[in-house]
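Let me begin by presenting the structure, written as structure tokens, before commenting on it.
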There are 2 protein chains.
Amino acid sequence: MNTKKQAPEIPDCKEQLIAIKDTMILLSGKWKIQIIGWLLLYGKVRFMDLLRGIDGIAAKMLSKELQELEQNQIVVRTVMPTKPITVEYELTEHGKTLSGVIEAISAWGVTHRKFLFKK
Amino acid sequence: MNTKKQAPEIPDCKEQLIAIKDTMILLSGKWKIQIIGWLLLYGKVRFMDLLRGIDGIAAKMLSKELQELEQNQIVVRTVMPTKPITVEYELTEHGKTLSGVIEAISAWGVTHRKFLFKK
DNA sequence: CGGCTTAGTTTCATAGAGGAAACCGGTTTC
DNA sequence: GAAACCGGTTTCCTCTATGAAACTAAGCCG
């Protein structure tokens with residue numbers, strides 16, 4: 001027999017693992033999930049709100065992450081015809097379907113904190 | 001008045017955003033979520049299973065990510081007294097509480113694929 | 001005019017994330 | 001004794017993600 005390695009009793013649950021990979025490619029980067037969290041909580045938000053609200057992010061990063069989210073149709077960018085031009089960002093309908101993910105992450109953060117406290 | 005910037009009408013929903021940040025610190029890295037997904041699907045798994053099963057990961061990375069997950073009590077490492085020594089990894093009880101997060105991520109991957117297809 | 005706002009872009013620099021390959025010690029098998 | 005398997009570790013290297021700071025363009029304020 002050619003196959004030296006023991007027969008892989010491992011069933012093929014790849015679909016779910018591929019789906020995980022797909023999602024994480026879109027959400028990669030230090031800031032994207034936080035940005036989406038903001039947009040979920042606050043709805044329409046201006047660039048400067050995010051820049052001041054998300055602790056530690058630099059303008060370049062915010063700009064880059066928002067562009068990537070826009071390309072993936074998670075976020076819409078709207079230029080408002082105001083006095084000093086402002087730009088609003090908000091989640092697309094598709095972006096809003098991420099609420100389950102974000103809420104799960106947020107909830108687990110709380111669970112984890114309790115876990116650390118109990119120990 | 002000192003505060004030139006317009007009064008921030010922005011309510012304080014920080015708790016949830018902090019929880020998101022906390023979670024993502026623990027799950028940072030290219031492979032951790034995939035590893036946890038594997039462990040959720042397959043239960044007890046040996047090092048070599050993960051190395052061969054997770055496409056593209058190198059031994060060094062796998063080792064490093066598993067160590068970090070162990071330090072954070074997401075994963076337990078058990079050395080088995082077998083002929084060629086084997087090592088089993090599995091989720092701790094606390095690690096299993098991540099199932100909600102992983103399932104949400106996996107489900108969204110499917111949702112997103114459908115979204116792309118529809119367009 | 002000088003200065004402040006918004007929304008970025010550009011430049012420069014660096015830490016560290018990640019990868020390829022070799023190596024290790026113990027054990028079994030041929 | 002040579003080779004293979006397991007579970008790593010070590011070394012070396014590269015690339016990119018991130019960051020700080022300066023700069024731009026357009027508009028409004030006084």
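Values in this document were obtained by computation on a predicted structure and should not be read as measured data.
Contacts of B:A107 classified as side-chain contact (heavy atoms from CB on, under 4.5 Å), with partners at least two apart in sequence or in another chain: none. Remark: B:R77 engages no residue in a side chain to side chain donor-acceptor pair (under 3.5 Å) (not counting sequence neighbours). B:A104 pairs by the side-chain contact (heavy atoms from CB on, under 4.5 Å) definition with A:V101, A:A104, not counting sequence neighbours. Residues satisfying the side-chain contact (heavy atoms from CB on, under 4.5 Å) test with A:K96, not counting sequence neighbours, are A:L91, A:E93. Residues that satisfy the side chain to side chain donor-acceptor pair (under 3.5 Å) test with A:T82, not counting sequence neighbours, are A:T86. Applying the side chain to side chain donor-acceptor pair (under 3.5 Å) rule to B:S99 yields no partners; only residues at least two apart in sequence or on another chain are considered.
Look at CG on A:L66: it is 16 Å from P on C:dT6, rounded to the nearest Å. Protein atom CE of A:M48 is 12 Å distant from nucleotide atom P of C:dT9, rounded to whole Å. In this entry the distance linking CE of A:M80 with P of C:dA7 reads 11 Å, nearest Å. Residue B:D55 contributes atom CG, which lies 14 Å from atom C1' of C:dG19 at whole-angstrom precision. Atom CG of A:L51 and atom C1' of C:dA7 are 9 Å apart (whole Å).
Using a 4.0 Å heavy-atom criterion, one finds that A:Q67 contacts the sugar-phosphate atoms exclusively.
Listed by first residue number, the stems of DNA chain C with at least three Watson-Crick or G-U pairs below 3.5 Å are C:1-30 with D:1-30.
If you check D:dC6, C:dT9, C:dA7 against the side chain of A:T86, the one that comes closest is C:dA7.
Of the possible donor and acceptor atoms, none in the side chain of B:S106 sits under 3.5 Å from a partner among the backbone N and O of B:I102.
Contacts classified as ring-ring contact (aromatic ring centres under 6.0 Å, His included) and involving residues 71-97 of chain A (residues at least two apart or in different chains) are given here: A:H94-B:W108, A:H94-B:H112, A:H94-B:F115.
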Pull out every protein N or O sitting under 3.5 Å from an N or O of nucleotides 16-22 of chain D, one pair per line with the distance.
| from | atom 1 | to | atom 2 | distance (Å) |
| --- | --- | --- | --- | --- |
| D:dT18 | OP1 | A:K30 | N | 2.9 |
| D:dG19 | OP1 | A:K30 | NZ | 2.8 |
| D:dG19 | OP2 | A:W31 | NE1 | 3.1 |
| D:dG19 | N7 | A:K60 | NZ | 3.0 |
| D:dG19 | O6 | A:K60 | NZ | 2.4 |

Inset, instruction - Quick one, give me the B/S/- string for nucleotides 25-30 of chain C, reading 5' to 3', where B means a protein heavy atom under 4.0 Å from the base and S means that only happens at the primed atoms, P, OP1 or OP2. - result: --SS--
Can you give the donor-acceptor pairs under 3.5 Å from side chains of residues 69-76 of chain A to other protein atoms, not counting sequence neighbours?
| from | atom 1 | to | atom 2 | distance (Å) |
| --- | --- | --- | --- | --- |
| A:N72 | ND2 | A:E68 | O | 3.2 |
| A:Q73 | OE1 | B:K119 | NZ | 3.3 |

Which atom pairs, one a donor and one an acceptor, fall under 3.5 Å between side chains of residues 58-65 of chain B and the rest of the protein, sequence neighbours left out?
| from | atom 1 | to | atom 2 | distance (Å) |
| --- | --- | --- | --- | --- |
| B:S63 | OG | B:Q67 | NE2 | 3.3 |
| B:E65 | OE1 | B:K32 | NZ | 3.2 |
| B:E65 | OE2 | B:W31 | N | 3.2 |

Legend entry - Verdict with reasoning, A:R46 to A:D49, per side chain to side chain contact (heavy atoms under 4.5 Å, CB included): CA-CA 5 Å; A:R46 287 179 300 120; A:D49 292 335; 3.6 Å; yes
